[in-house]
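Worksheet for the structure shown next.
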Amino acid sequence: MTRVGAVRSIVLECRDPEPLAEFWSQVLGQEIDQREDDWWSLERQAGGPRLAFQVVEAFEPPPWPGRSGEQQVHLDIEVDDLTAGTDDVVRLGARILSDVVDPDQDPWRVFADPAGHPFCLVSFG
């Protein structure tokens with residue numbers, strides 16, 4: 001079986017990324033490697049995905065157990081070629097939700113999987 005890409009990041013949405021990043025940094029023993037107003041992340045270890053924290057102003061923690069399908073996490077998938085990756089995931093049943101192609105950033109796209117869960121493809125090449 002061939003793969004389309006690899007999980008780059010697991011992103012937790014929150015109102016304030018600093019205390020969440022500090023908590024998980026201590027829990028996992030990983031250093032915080034990125035600190036921005038709306039995005040913090042822990043260092044990647046052994047080529048695995050990084051854990052990141054993204055500000056969502058209207059964030060509400062999901063109830064436990066969830067009963068109405070609350071979604072608080074999405075995956076960032078790193079691909080070698082964004083166009084080819086897009087073609088592949090759309091062929092597999094994803095739909096494009098939005099594009100970000102900024103000359104100051106690496107290009108990425110947001111998709112919904114067949115069940116509607118959001119995920120991103122990003123290319124650094």
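Note that this is a predicted model, so its numbers are computed, not measured.
Scored by the side chain to side chain donor-acceptor pair (under 3.5 Å) test, Asp16 finds no partners at all (sequence neighbours excluded). For Glu36, the side-chain contact (heavy atoms from CB on, under 4.5 Å) test picks out Gln34, Asp38, Trp39, with sequence neighbours left out. Among residues two or more places apart in sequence or in another chain, the side chain to side chain donor-acceptor pair (under 3.5 Å) test is passed with Glu57 by none. Shown here are the salt bridge (Lys or Arg N to Asp or Glu O under 4.0 Å) partners of Arg15, two or more places apart in sequence or in another chain: Glu60.
Taking the side chain as every heavy atom from C-beta outward, Ser9 and Val11 approach each other to under 4.5 Å. A 4.5 Å side-chain heavy-atom check between Ile77 and Val4 finds every atom pair outside the cut-off. A heavy-atom distance below 4.5 Å is not found between the side chains of Val55 and Asp37.
Judged purely by distance below 3.5 Å, without hydrogens or angles, the side chains of Ser41 and Asp33 pair a donor atom with an acceptor atom.
A pairwise comparison of heavy atoms in Trp40 and Ala21 identifies CE3-CB, 3.8 Å as the closest pair. The minimum heavy-atom distance linking Asp113 with Phe119 is given by the pair N-CE2, 3.7 Å. For the residue pair Ser123 and Asp80, the shortest heavy atom distance occurs at OG-O, 3.3 Å. Nearest heavy atoms, Gly5 versus Val79: CA-CG1, 4.1 Å.
For the salt bridge (charged side-chain N to carboxylate O under 4.0 Å, His left out) condition, the pairs that include at least one residue of residues 39-50, sequence neighbours left out, are Arg44-Glu78.
For the atom pair CZ of Phe53 and CD1 of Ile32, the computed distance is 7.5 Å after rounding to the nearest 0.5 Å. In this structure, Trp108 CH2 and Asp76 CG are separated by 8.0 Å, a value rounded to the nearest 0.5 Å. In this structure, CD on Glu31 lies 9.0 Å from CD on Gln45, to the nearest 0.5 angstrom. Gln26 CD to Leu42 CG: the interatomic distance, rounded to the nearest 0.5 Å, is 11.0 Å.
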With a 3.5 Å cut-off and sequence neighbours excluded, list the donor-acceptor pairs that the side chains of residues 82-96 form with protein atoms.
| unit_1 | atom_1 | unit_2 | atom_2 | d |
| --- | --- | --- | --- | --- |
| Thr86 | OG1 | Leu82 | O | 2.8 |
| Thr86 | OG1 | Arg109 | NH1 | 2.9 |

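Between the Ser25 side chain and the Gln30 main chain, a donor and an acceptor come within less than 3.5 Å of each other.
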